[in-house]
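Okay, structure first, notes after.
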Amino acid sequence: MSDWLGPEEWWALGLSLKVAFWATLLSLPFALLVSHALARWQFPGKQLLNALVHLPLFLPPVVTGYLLLITFGRRAPIGAWLEQTFGLVLAFRWTGAVLAAAIMGFPLMVRAIRMAIEAVDPNLEETAATLGASRFWVFATVTLPLVLPGLIAGAVLGFAKAMGEFGATITFVSNIPGQTQTLPSAIYGFLQVPDGETDALKLVAVSIAVAMAALIASELLARRAAKRVSGR
Amino acid sequence: MSDWLGPEEWWALGLSLKVAFWATLLSLPFALLVSHALARWQFPGKQLLNALVHLPLFLPPVVTGYLLLITFGRRAPIGAWLEQTFGLVLAFRWTGAVLAAAIMGFPLMVRAIRMAIEAVDPNLEETAATLGASRFWVFATVTLPLVLPGLIAGAVLGFAKAMGEFGATITFVSNIPGQTQTLPSAIYGFLQVPDGETDALKLVAVSIAVAMAALIASELLARRAAKRVSGR
Amino acid sequence: MSLSVDINHSFGDLAVQVNFQAPSGITALFGKSGSGKTSVINAVAGLLKPKAGRITSQSEVLFDSRAGINVPVHRRRLGYVFQDSRLFPHLSVLGNLNYGKRFAPKGSSGPSLEEVTELLGIAHLLNRRPGALSGGEKQRVAIGRALLSHPRMLLMDEPLAALDSARKDEILPFLERLRDSTGLPILYVSHSVAEVARLATTMVVLEHGKVAQAGTTEQVFSDPAMVRQLGLREAGSVLSADVTQHHSDGLTELSVTGGRLFLPQISLPPRAKTRVRILAQDVILSRDIPVGLSALNILSGTVTEIRAGGGPGVVVQLRCGSDFLLARITQRSANALRLAPGVACHAVIKSVSVARHDVGHT
Amino acid sequence: MSLSVDINHSFGDLAVQVNFQAPSGITALFGKSGSGKTSVINAVAGLLKPKAGRITSQSEVLFDSRAGINVPVHRRRLGYVFQDSRLFPHLSVLGNLNYGKRFAPKGSSGPSLEEVTELLGIAHLLNRRPGALSGGEKQRVAIGRALLSHPRMLLMDEPLAALDSARKDEILPFLERLRDSTGLPILYVSHSVAEVARLATTMVVLEHGKVAQAGTTEQVFSDPAMVRQLGLREAGSVLSADVTQHHSDGLTELSVTGGRLFLPQISLPPRAKTRVRILAQDVILSRDIPVGLSALNILSGTVTEIRAGGGPGVVVQLRCGSDFLLARITQRSANALRLAPGVACHAVIKSVSVARHDVGHT
Amino acid sequence: AEEVTLFAAASLKTALDELADVYPGDTLHIAYGGSSSMTRQILQGAPAQLFISANQTWMDLLERDGILAQDSRIDLLGNRLALIAAPNNTAQVTPTPAFDLATSLSDGVLAMALVKAVPAGIYGREALVTLGVWDSVEGNVAQADNVRAALRLVATGEAPLGIVYATDLGAAPDVQLLGLFPADSHTPIRYPMALIDPVSPDARAVYEFLTSDTAWAVFEKNGFIRPAVQP
Ligand SMILES: Nc1ncnc2c1ncn2[C@@H]1O[C@H](COP(=O)(O)OP(=O)(O)OP(=O)(O)O)[C@@H](O)[C@H]1O
Ligand SMILES: Nc1ncnc2c1ncn2[C@@H]1O[C@H](COP(=O)(O)OP(=O)(O)OP(=O)(O)O)[C@@H](O)[C@H]1O
Ligand code: MOO
Ligand SMILES: [Mg+2]
Ligand SMILES: [Mg+2]
């Protein structure tokens, strides 16, 4: 079994899992914040924020990658600043792949979570306030637990998207074996070699399997969470 | 204004709009059917259908395009059958671009519509039946109108995704100027030549504008439909 | 026989085992919460498939487990009015009312839109959306919608339970008119004794999924055994009465078989038939004809039964003419008055205690 | 003075303009649907910001439009019990009960979890989820949750309205115990006369957003002008009474200032103070002392006021001892008995008509 | 030894992978991609020590930016353009002046890389223009996003004919070579290679290896030719 894939491909699979994991984990809090803002707050520029969040869904990924490169590249203003100030390099590192994957999955997460937040009964939040909970505590003890099924759905969508992200990633962090070569980049590599289709399809099968596993796990988790939340 | 973009780019914009329009229109009924099945029916293989629908979201688009090519190409079994039976050619035609865009946007549509269907009160559907409506009529006169806001949201997501789809499209129908050159292919082309960035960014701006317009229109439409549906 | 129900079903603990006939007029399904009323009406509508049994309406089989017949909901043509109205939020009132029309079989007869909106007093609401209606208005539209689908029968599951008493008083007359003017059989679920006493021609009392009693409303209400079912404060008899005369001081005189009664004015012409409900707790008994009392209504009768309850009270059944009257008094008073079956005595009823909404047309 | 409310607000047509004081005990906000009860209680809770006015609780200013003070909801520490319980579905009963504890100020005092679960009879439910509770249980948990947040005051908006009468009877005693044992001031919204008569020490009657009447429950209930507000069938007086003796035939003897009353056994020890509610329609008047009647309770008094209503009835107010009694009789009877202010007469009350749930502790 | 990362045009993958296997050091990473995207990445500080581009313009850009190691730019390889046919295509045409390409296509498409953007496509278009047949086929050219994708269109039979690099044929045995384009029908195809500053000894070693005879044998086996001398 282990020689069904070459070592480089195993490595790419590992990297993709790692990237998808961190991309999901790190973007969740932001997705939660943005979803809450879009669902519940009134502020100027709300439509703009909504549009911005959706952008990566609508732009060709290569363009997103290009925009990331000219923003977070080591010679680009923000990229250089991050490197000087925090020593944080994103471009051409797996950390950059995390950023690219996070941004590409963000709109999917936000849509799922936002719908879940919109479904929470504001009366329950009000009730929590009458019991002494401040805004923060209302969110942490009432909104968040009730949103859990949507959060899980959103996280899994983000994770699966991150596993499959190719265009933005290769454009931003390139495709360096052992450093930034993710599963989709490896698939791309095989498609560059005549007769590489068989190997490519093997990797496609692997990524389908991972995405499916995540999807089914999420349906189960979300159903369980929904049951909990339904109060039965 | 009209010479801000060259004629080829205007043409590409027109094609993208046309492709996105048809992709959205033609996939809506299927998205509705699949969403209804996923939300309301119990049948074996439901998880599989769910997984299948989500696939294009998780696979690198090139892979989706490749799979389309070996399924719907003129030499591929289904493609050949379609051509012989209906004279319908997809490969290298704008119709193929429609198929690619539809498939890539499908999971987004289905997610939005499915959530909307799950939010419809089954009691209302039951009530319609007691008033004499058969399953079909219940769907057409009760479920469908109540799902409208979600349907609009889903359609716009699908439309905007179709406007931005590149990888699957170019892999499946390639880029034939005057036939299949969509806005994203034009952008990609500009990004491949030195000094093409300015032109590329112009086109990016155009596609952002279109996606934003669609998004904002959908928020407004959906809000109006939601108001109607809320019965006030 | 317009509806015949004989079903077996079970929900976990509760075995629903119900067999009854509903003739035309209003048949009330009465019983405590959880006794199976909604389950029965849902089975009739086709929303619940019983484990076994047979349901027929006007000799058409709707369900027969042995014969494998289960007519789908939309072909049963039974107008169902739910407790929570369930108007279609995306349609106007008019759209809701007309909803069932397109599905009614061609040539099926039933009231017209004009008749229904007139009957229910909703003609001025036609262009409103359901969200802009009050609870009572919603429920009237729901009734109209069911009527206009030209059903063979109406099913009503606590149609008034969610309404406050002002709204109830608004709708009850419509239901009476419906019963009297359309001749449509109605299966009516309620746990309001007052509603049932006023509306029902037939009563089916359910208890733990079984039929505890069934019969005409007058029979069921004059049975002392029903006191426990109805609740102490709600128990009472229902008497048939004829309007005799309207007096100038605002009182209406009625004759019952046991004598005459004075009630605050009721809007029925002389000689009209009606029903009055007299709560057992509103009746005071006296061996002698009482004099100098503010109570106007005194009926004479003979004790037929005395039934002790759990507490300090007893229920006394009197025959007054051909009707039966129930009185709830203390055991101490019963002893003091030496009441026993066969003893003649007088029932003192405060006229005002027979309130307007306890009076129904027959 | 534990709560003082003086607010101005407007909703479209309705101008809410309310000024009242709520001392300790239960203060009932009473009024028709749409009269502004919920709006007032929401303003006190901080869920509604009035256009102008001032609200203070135990001398702390909660809201003052002039001074620009508007204490946020979570700092007001007013336990709010909503009509629809609003339990947190993701927490167990215990989790719901403990929810407010972490936010209560350190050192704030209040009942313990044991006391509350004991008081409300919900100790056996602690591990259940809200979905597995009956309506009455849910509401008791909601009350417990509010209590355990150690509020300065309880706000209750029709806490029993959604429950059927069996459930209500289950909760009312808890509310009485709460009133009597915790000393917590309670602002209580209801449109059930029976509930208010039983629970409230003070009544504030709202009508179209204005205070129509305010005072102790006894005062408000014995005012003939209130008959219209309460509804004909619900009007009646509330008398203070002392338990004298329990008789072996299941009756309890009580003394009121105008005489003695017999009621079906009530569970209070001799010498306990209580209140009895006597519906105006349950009182029969007689000039002579009536004899040979099944009614056990006869109080003597003097007519103080006769007020004609719209219909054929009048409301007669009697002074019996230091209490006032209301009787609703027909104009015809009032004429026949030649009743007029100053006339002495006797009130006949059927013992059973003073039902158990119309009796409250003081 | 320090790791060396080589950025290379995707069309070199077959040959370079083979060379990487025989490279004595074990720390050579090769990232493949489009020349344009890799150039931009290098400009943004990508960790590449060597770059092999598929055309001159992108390398020119790097040179202008001054990030190439002094005098390290050489033309490593040359290539030829090939006209290919789908496995079961019976067409018999060779690319000569005014050859009958349009007829051979009949209603099919000619698969190429993007003719304005991707090097293989640019060269191909130039050759067809020189041979005087571009105008007759222009409307039937299916442009893929890279040359391997064009090859795939022919290999699957979707496009009856295609123009790819001669080196692309190596491992696609079913695809038929109809003929090579005359060398003078387009700008000579030259793959420039350069070291990127700062140069490490290991990077220099890779550079030397790729210009060695050992390497050349592999390149030649894969169909590459010596680069034409710059005019
Ligand atoms: N789908 C179900 N699954 C399990 N038990 C059910 C189901 N539906 C009803 N029951 C149970 O069956 C019994 C009868 O329910 P039903 O709704 O018919 O009562 P009901 O007489 O209409 O009561 P109510 O007056 O409260 O509406 C109840 O104990 C209820 O809990
Ligand atoms: N947010 C609002 N906007 C407009 N009108 C409102 C709003 N909230 C309440 N009202 C109106 O104010 C009036 C008083 O409402 P409120 O809810 O205080 O009545 P209530 O006395 O609690 O009635 P109920 O007994 O039906 O609960 C009603 O006529 C209502 O329609
Ligand atoms: O290797 Mo290329 O950039 O596809 O000609
Ligand atoms: Mg029911
Ligand atoms: Mg209210």
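Since this is a predicted model, take the numbers as computed values, not measurements. A note on names: the letters A, B, ... follow the listed sequences, proteins ahead of strands, and every chain is numbered from 1.
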Would one find more than 12 heavy atoms of other residues, nucleotides or ligands at under 6.0 Å from atom NE2 of D:His208?
-> no
Enclosure of C:Arg128 CZ (heavy-atom neighbours >12, cutoff 6.0 Å) |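 Enclosed.
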Please lay out, stage by stage, how D:Gln331 and C:Asp249 fare under the test side chain to side chain contact (heavy atoms under 4.5 Å, CB included).
-> CA-CA 8 Å; D:Gln331 183 73 57; C:Asp249 60 357; 5.6 Å; no
Greatest number of heavy atom pairs closer than 4.5 Å to chain D - which of C:Val316, C:Val283, C:Val348, C:Asp288 | C:Val283
Among all residues two or more places apart in sequence or in another chain, which pass the side chain to side chain contact (heavy atoms under 4.5 Å, CB included) test with C:Cys345?
->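 Only C:Leu285, C:Arg287, C:Val303, C:Leu318, C:Leu339 meet the side chain to side chain contact (heavy atoms under 4.5 Å, CB included) criterion with C:Cys345.
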Applying side chain to side chain contact (heavy atoms under 4.5 Å, CB included) to D:Thr302 and not counting sequence neighbours gives none
Nearest atoms (heavy-atom pairs only) where C:Leu251 meets D:Thr330 |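 The pair with the smallest heavy-atom distance is CD2-CG2, 4.0 Å.
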